[in-house]
Amino acid sequence: MKITKLTTYIVPPRWLFLKIETDEGITGWGEPVVEGRALTVQAAVHELEDYLIGKDPFLIEDHWTVMYRGGFYRGGAVHMSAIAGIDQALWDIKGKALGQPVHSLLGGQCRDRIKVYSWIGGDRPSDVAKNARDVVAAGFKAIKLNGAEELQIVDGNDKIDAIVATIGAVRDAVGPHIGIGADFHGRVHRPMAKVLARELEQFKLMFIEEPVLSENLEALKEIANHCSAPIALGERLYSRWDFKSVLAGGYVDIIQPDLSHAGGITECRKIATMAEAYDVALAPHCPLGPIALAACLQIDAVSHNAFIQEQSLGIHYNQGSDLLDYITNKDVFRYENGFVEIPQGPGLGIEVDEAHVIEMARQGHRWRNPLWRHQDGSVAEW
């Protein structure tokens, strides 16, 4: 079997899909994208295409190594996301050709299902109590919300009080036993992160996500000493080498590699195994489309330290299009009692509605994240 063609589709709401074709008629799908940089990643995919055409798609490990090590400059969001989508598609091809789900080729599943959590609210946490109750009523056992608006490096206690009130309202709405993840989104700097972590201790959070930006990892030691809630991060780390210092430091309890950013299935399998050796949990990041979610579930299936999966069905970013719009086997992501079953179909286990993909690619998108500013006019972290 030989790779014959790579086709990319920029589709709303903010995704990039990749189709890889072979001379035997078997195709694979991947989702290589950086949110807000879809065109850039698309170009990177087609730069890698020159190497892939004519190659045997089964040699995934070798192709991954060439795509990573074959260039003098390597790593980072764009390069690793391009590799990630290609890697997903190659695994999809191999699974389909052999009539097996990807997780079977990775050693076989060690779980039948995995817990999922649902986002509530939007970018600015307000009126989230009702949303939280609705999500719990739908069967979810865990939720996540943006835990902070913009905060300057040192800010007032009124901002802290507002955050505490919001998360407190959610805890009151859902009761004591629903998991709550508070995503600081890198919006909080070290001086305020210590204060906020201590103030949120009372709510017994499932985790605090990105309490500081990933480039400020040295601050985690002090933040960890101010709270008992597990600390999660990793959506802005792109390789096992990025995660190496995080794990060795010992101040992160949950890692969140993104299967569309961190080198795909091949690399995230290795990252998950590294984390297991440090007794660190796995919760893959996935506010993206159906291909990315299907890839995440393959890693969840074979990773003993995976405990929960992010998913974006109905998320506020998905305006106009959602996950199930792009697949024909819509029951593959059936959520029940707060869990989703591990897909059992060949490859990634999803059937992409190619006609709809082509139709929506005519519309495309130029999604950009919001730009926030502080009251003094300086740029705020979004």
Side-chain angles (χ1 to χ4, degrees), residues 5-21 27-49 76-89 92 118-124 144 146 183 185-186 235-236 238 258-264 284-296 310-328 330 332-333 348 350-372 379-382:
K5 186 177 182 181
L6 281 72
T7 307
T8 49
Y9 303 93
I10 292 179
V11 297
R14 56 177 191 161
W15 303 332
L16 173 65
F17 292 169
L18 164 68
K19 177 186 176 184
I20 297 183
E21 299 177 54
T27 61
W29 289 86
E31 194 168 335
V33 69
V34 173
E35 300 91 304
R37 298 287 185 269
L39 289 167
T40 313
V41 179
Q42 182 182 46
V45 168
H46 288 295
E47 287 179 334
L48 295 169
E49 177 182 18
V78 171
H79 182 210
M80 298 303 287
S81 296
I83 292 175
I86 293 169
D87 182 80
Q88 292 168 5
D92 196 28
S118 180
W119 270 87
I120 60 170
D123 285 321
R124 297 186 178 273
K144 187 170 85 172
N146 277 322
D183 188 357
H185 220 250
E235 67 189 74
R236 288 188 264 197
Y238 309 112
D258 190 306
L259 270 286
S260 282
H261 298 336
H285 180 255
C286 190
L288 294 168
I291 305 169
L293 179 56
C296 286
E310 181 175 24
Q311 55 81 40
S312 71
L313 188 63
I315 195 173
H316 52 289
Y317 299 127
N318 295 354
Q319 296 180 3
S321 292
D322 216 326
L323 273 77
L324 302 184
D325 297 339
Y326 289 102
I327 57 176
T328 57
K330 301 181 187 300
V332 69
F333 299 136
L348 295 178
I350 57 171
E351 298 167 7
V352 174
D353 187 343
E354 186 173 356
H356 186 68
V357 170
I358 293 170
E359 177 186 353
M360 297 307 291
R362 297 190 185 103
Q363 177 180 330
H365 70 82
R366 290 185 69 85
W367 186 87
R368 300 290 185 269
N369 64 246
L371 177 62
W372 287 3
V379 173
E381 294 286 349
W382 174 77

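In this text, all values refer to a predicted model and were calculated from it rather than measured experimentally.
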Has the side chain of [X] got a donor or acceptor atom that lies under 3.5 Å from a matching backbone atom of [Y]?
| X | Y | value |
| --- | --- | --- |
| E31 | G289 | yes |
| K5 | E21 | no |
| D92 | L348 | yes |
| D322 | L324 | no |
| H365 | W15 | yes |

Considering all heavy atoms of both residues, which atom of [X] and which atom of [Y] are nearest to each other, and what is their separation?
| X | Y | value |
| --- | --- | --- |
| G76 | Y238 | C-CD1, 3.8 Å |
| V41 | P32 | CG1-O, 3.6 Å |
| F333 | P290 | CZ-O, 3.5 Å |
| V33 | A38 | CG2-CB, 4.1 Å |
| A82 | A44 | CB-CB, 3.7 Å |
| I83 | G263 | CG2-O, 4.2 Å |

First locate atom [atom1] of [X], then atom [atom2] of [Y], and finally report the distance between them rounded to the nearest 0.5 Å.
| X | Y | atom1 | atom2 | result |
| --- | --- | --- | --- | --- |
| L288 | S81 | CG | OG | 9.0 Å |
| K144 | D183 | NZ | CG | 4.5 Å |
| L18 | E49 | CG | CD | 9.0 Å |
| L323 | L293 | CG | CG | 6.0 Å |
| Y9 | E359 | OH | CD | 13.0 Å |

Heavy atoms, side chains only, cut-off 4.5 Å: are Y326 and I291 in contact?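 Sidechains of I291 and Y326: no contact.
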Can you tell if the side chain of F17 reaches within under 4.5 Å of the side chain of E354, non-hydrogen atoms only?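 When only atoms from C-beta onward are counted, E354 and F17 do not touch, as no gap falls below 4.5 Å.
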With side-chain contact (heavy atoms from CB on, under 4.5 Å) as the test, would you mind laying out the steps for Q88 and S260 before giving the verdict? CA-CA 8 Å; Q88 292 168 5; S260 282; 3.4 Å; yes
Would you tell me whether E35 and H261 have side-chain atoms, one donor and one acceptor, within less than 3.5 Å of each other?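 Per modelled atom types, E35 and H261 side chains form a pair under 3.5 Å.
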For the CZ atom on R37, are there more than 12 heavy atoms of other groups (residues, nucleotides or ligands in this structure) within a distance under 6.0 Å?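 Count not over threshold, so no.
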Within a 6.0 Å radius of atom CZ on R368, are there more than 12 heavy atoms belonging to other residues, nucleotides or ligands?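 It does: R368 CZ has more than 12 such atoms within range.
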Parallel, tilted or perpendicular: rings of H185 and W382 (30°, 60°):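 Rings of W382 and H185: perpendicular, as their planes differ by over 60°.
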Evaluate the criterion side-chain contact (heavy atoms from CB on, under 4.5 Å) for residue pair I10 and L16; output intermediate values, then yes/no. CA-CA 5 Å; I10 292 179; L16 173 65; 3.6 Å; yes
Under the side-chain contact (heavy atoms from CB on, under 4.5 Å) criterion, do Q311 and S118 qualify, and how do the steps go? CA-CA 7 Å; Q311 55 81 40; S118 180; 3.9 Å; yes
